[in-house]
Amino acid sequence: MNRTIFSNGLWNVLGGMSSAIVAVLVPPFLTRLLPPEAYGAWAIALQIGTYVNLFGMGVQIAVGRYVAFHHQPEATAERDAIVASAFWCILIAAIIGILIIGCVALNTDRLFPQLSPVWRADSALATGLLGLSFGIGLLGSVFGSVFLGLQKSHVPAMTQMVGRVAQAILLIAAAQTRSLTIMAIAHLIGSIGICSVLIYLWSTRTAKPTIAPKLVSRKSLKALADFCVTLTVWNLAMLLVSGLDLIIISRYDFGSVPYYAVSLTLVSFITGTLQSMAGALPPAAATMQSTGDQRQLHDLFLRSTSLMAVAALLVSAPLMFLGQGILHLWVGEVYADNAYYILALLAVANVIRTCLLPYGMIAIGTGQQRRMLYTPLIEGVVSLALSLWWGSLFGAIGVAAAKIVSAGIGIALLLAQHALSYTMPDLHRREVAFVGMVRPAIFWLFLGGTVLLLGPFAENMVAYYPAIAIAILAAAIAMGWRELVAAIDYIRSRKTTHA
C-alpha cells in the first residue's frame with residue numbers, strides 16, 4: 001500500500017507540474033514579447049477564466065474518493081452511478097460558469113478603468129475564451145479522477161504532461177502576434193485536446209465505462225452533494241484568499257499587476273506541486289478507512305506530513321532567499337527588481353498554509369471534511385478584508401503581507417477544530433502541531449540563521465548562491481532523515497526478498 005501511495009503521489013506531482021508548465025515556461029516569453037500592461041491584462045484575464053473551476057465544487061475529488069471506496073467488483077453499480085452523476089453535474093455547472101465569465105468579460109471596461117482602451121476589447125474577448133477553455137478542462141477532470149480512484153494516477157498525469165507541453169508551445173507561438181485573443185484560442189485548443197484524450201482513455205481502459213443519464217440517481221447525487229458542500233466552501237475560500245488579488249491590485253496599484261502576477265505564478269506552481277503530491281492521500285485514506293486500519297491511517301498522516309514539510313522547504317526556500325536571482329533569469333531584470341519582495345512574502349504564506357495540507361487531504365479521504373467547513377472560509381474573509389485594507393494603503397506589498405496573516409489564522413483554526421480526532425482518536429493536537437508545525441519550524445530557523453550569517457557575502461553571487469543552495473539541501477535532508485532511512489531500509493528489504 002505504501003508503495004502504491006508513493007507511486008501515485010509521484011505521478012500526481014508530475015501531473016500537477018505539467019499543469020503548471022504553461023504558467024512557468026510561458027511567462028519568460030510573454031514578458032519579453034508583450035508590454036507590461038498587456039501582460040498584466042493577460043494575467044487578469046487568466047485569473048478570471050480560472051473562476052470557472054469554482055463550479056467544479058470539488059466533484060473531481062469526490063469521484064476519486066468514491067471510486068476508491070467502491071473498488072470491489074460487486075460495487076460496480078455504485079461506482080458507475082457516482083461517475084455518471086458527477087459528469088452531468090459538472091457539465092451543467094461548467095455551462096453556467098462559462099456564461100458568467102462571459103458576462104464579466106463584457107464589462108471589462110467598467111471593472112478595469114485603468115486599462116488602456118487599446119487592450120480592452122482584446123482583453124474582454126480573451127477572458128471569455130479562457131472561461132470556455134477552463135470549462136472544457138473541468139469536464140475532462142471527471143474522467144481523469146476515475147483513474148485516481150483506481151490508483152492509476154499515471155494515466156491522467158502522462159496525458160496532462162504531454163497536453164500542457166503542447167499548450168505551452170501553442171501559447172508561445174500565439175504570443176508572437178501580440179494578440180490576447182489569439183493566445184486565448186491557443187489555450188482553448190490545448191484544453192480541448194487534453195479533454196478528448198482523457199475521454200478516450202477512460203472509454204478504453206476502464207471496465208464497462210458509461211455515463212448514461214439513466215444511472216444518475218437520487219442516492220448518488222445526495223452522496224456527491226454531502227461530500228462536495230464543504231469542498232465548494234473551500235474553493236470559495238481559496239478564491240477569497242488569492243483568487244481576487246490581481247483584481248484588487250488593479251484598482252489600487254495597477255502598475256504592479258504584472259509584477260504581482262509573475263510572483264503569484266511561481267508560488268501557484270509551488271502550491272500546485274504540493275497539492276498534487278497530496279492528491280494521492282484521499283483515495284488511499286478512503287481505502288484504509290474501508291478496511292478499518294487505524295494504525296495505517298495514523299502512520300499515513302505522520303509520514304505524509306513529514307514529507308510535505310521537506311518538499312515545502314525544498315521548493316519554497318529558494319524563492320525566499322534566492323528569489324531575485326531566479327526572477328532575473330526567468331523574466332528579466334525589470335520584473336526581478338519589482339517583484340522580489342512580493343515573491344518572498346507570498347512564499348512565506350505558502351509554507352504556512354501547506355504545513356498541514358496532508359491533514360486536510362486525509363480528512364477529506366475519511367469523510368471528515370464537513371467538520372472543517374468554516375475554517376477556510378474564515379481565513380478567506382480575513383484575507384480579503386486585509387487585502388483590501390492593506391492594498392489601499394501599501395499597494396501590492398500590502399496584499400502579499402495579508403496572505404501571511406490569514407494563512408496563520410487558517411492553520412490555527414484547523415488545529416483548534418481537529419477534525420481527524422473523529423477518525424483517529426489517538427491522534428492528539430500536540431502531535432499534529434509538533435509534526436506539522438514545530439518540528440519544521442526548527443529547521444526553518446536553522447536555515448534562516450545560516451542565511452543571515454552568509455549575508456555579508458551576498459555581493460559575491462558565485463559563492464553566495466551555491467552556499468545558500470547547500471544550506472537548503474542540508475536542512476531538507478536533516479528534516480527528512482527518518483523518512484530517508486526508512487526508504488533505504490525498504491529498498492534493502494526488497495532486494496533481500498528478490499535475492
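Residue numbers run from 1 in the order of the sequence given. Since the structure is predicted, the reported quantities are computational estimates derived from the model, not experimental observations.
A distance of 11.5 Å separates CD1 of I326 from CZ of F321, quoted to the nearest 0.5 Å. In this structure, L420 CG and L297 CG are separated by 8.5 Å, a value rounded to the nearest 0.5 Å. A distance of 10.0 Å separates CG in L343 from CG in L264, rounded to the nearest 0.5 Å. To the nearest 0.5 Å, atoms CD1 (I472) and OG1 (T450) are separated by 10.0 Å. Between the OG atom of S304 and the CZ atom of F301 there is a distance of 7.0 Å, given to the nearest 0.5 Å. Interatomic distance, OG of S316 versus CG of N350, reported as 5.0 Å (0.5 Å rounding).
In this structure, L198 and W202 have side chains that are not in contact, with every pair of non-hydrogen atoms separated by 4.5 Å or more. Looking at heavy atoms from C-beta onward, Y359 lies out of side-chain contact with L281 at the 4.5 angstrom threshold. Within the 4.5 Å cutoff, the side chain of W330 has heavy atoms near those of the T265 side chain. Between V165 and L25 the shortest side-chain heavy-atom distance does not fall below 4.5 Å. Looking only at side-chain heavy atoms (C-beta outward), E333 and L327 stay at 4.5 Å or farther from each other. Here the side chains of L384 and I248 are in contact, with some heavy-atom distance below 4.5 Å. L319 places none of its side-chain heavy atoms less than 4.5 Å from the side chain of F269. You'll find the side chain of M320 reaches within 4.5 Å of the side chain of V351, heavy atoms only.
Atom CZ of F29 is surrounded by 12 or fewer heavy atoms from other residues, nucleotides or ligands within 6.0 Å.
Using bins of under 30°, 30° to 60° and over 60° for the plane-to-plane angle, the ring pair Y335/Y39 lands in the perpendicular bin.
In plain terms, the two heavy atoms of R439 and S306 that are nearest each other are NH1-OG, 4.4 Å. Summarising the geometry of L454 relative to A467, their closest heavy-atom pair is CD1-CB, 3.8 Å, with the distance given to 0.1 Å. Shortest non-hydrogen contact noted between H298 and D426 is ND1-OD2, 3.1 Å. The nearest pair of heavy atoms linking A312 to T354 is CB-OG1, 4.2 Å. The two residues I352 and G408 have their closest heavy-atom pair at CG2-N, 3.7 Å. Taking all atoms of both residues into account, the shortest heavy-atom contact from C355 to P358 is O-CD, 4.4 Å.
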Check your understanding: So I247 and I48, side chain to side chain contact (heavy atoms under 4.5 Å, CB included) or not? Walk me through it.
Key -> CA-CA 9 Å; I247 295 176; I48 293 174; 4.2 Å; yes

**Study point:** side chain to side chain contact (heavy atoms under 4.5 Å, CB included) evaluation trace for Y259 with V334
**Key:** CA-CA 9 Å; Y259 310 123; V334 174; 3.8 Å; yes

Point to revise | Full working for side chain to side chain contact (heavy atoms under 4.5 Å, CB included) between M361 and L357 | key: CA-CA 6 Å; M361 299 303 280; L357 178 60; 4.1 Å; yes

Review point. Where do Y341 and L345 land on the side chain to side chain contact (heavy atoms under 4.5 Å, CB included) test, with the steps shown first?
Key: CA-CA 6 Å; Y341 291 108; L345 291 173; 5.5 Å; no

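In the model, H328 has no side-chain atom that pairs as donor or acceptor with a side-chain atom of Y340 under 3.5 Å. Using a 3.5 Å distance cut-off with no hydrogens or angles, the side chains of Q368 and H418 do not pair a donor with an acceptor.
Aromatic ring centres of F134 and H187 lie closer together than 6.0 Å.
A salt bridge between D299 and R303 is present, with a side-chain N of the basic residue lying under 4.0 Å from a carboxylate O of the acidic one.
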Name each donor-acceptor pair under 3.5 Å that joins a side chain in residues 394-405 to protein atoms two or more places apart or in another chain, with its distance.
unit_1 : atom_1 : unit_2 : atom_2 : d
K403   : NZ     : V241   : O      : 2.4
K403   : NZ     : D245   : OD1    : 2.9
K403   : NZ     : S383   : OG     : 2.9
K403   : NZ     : S387   : OG     : 2.9

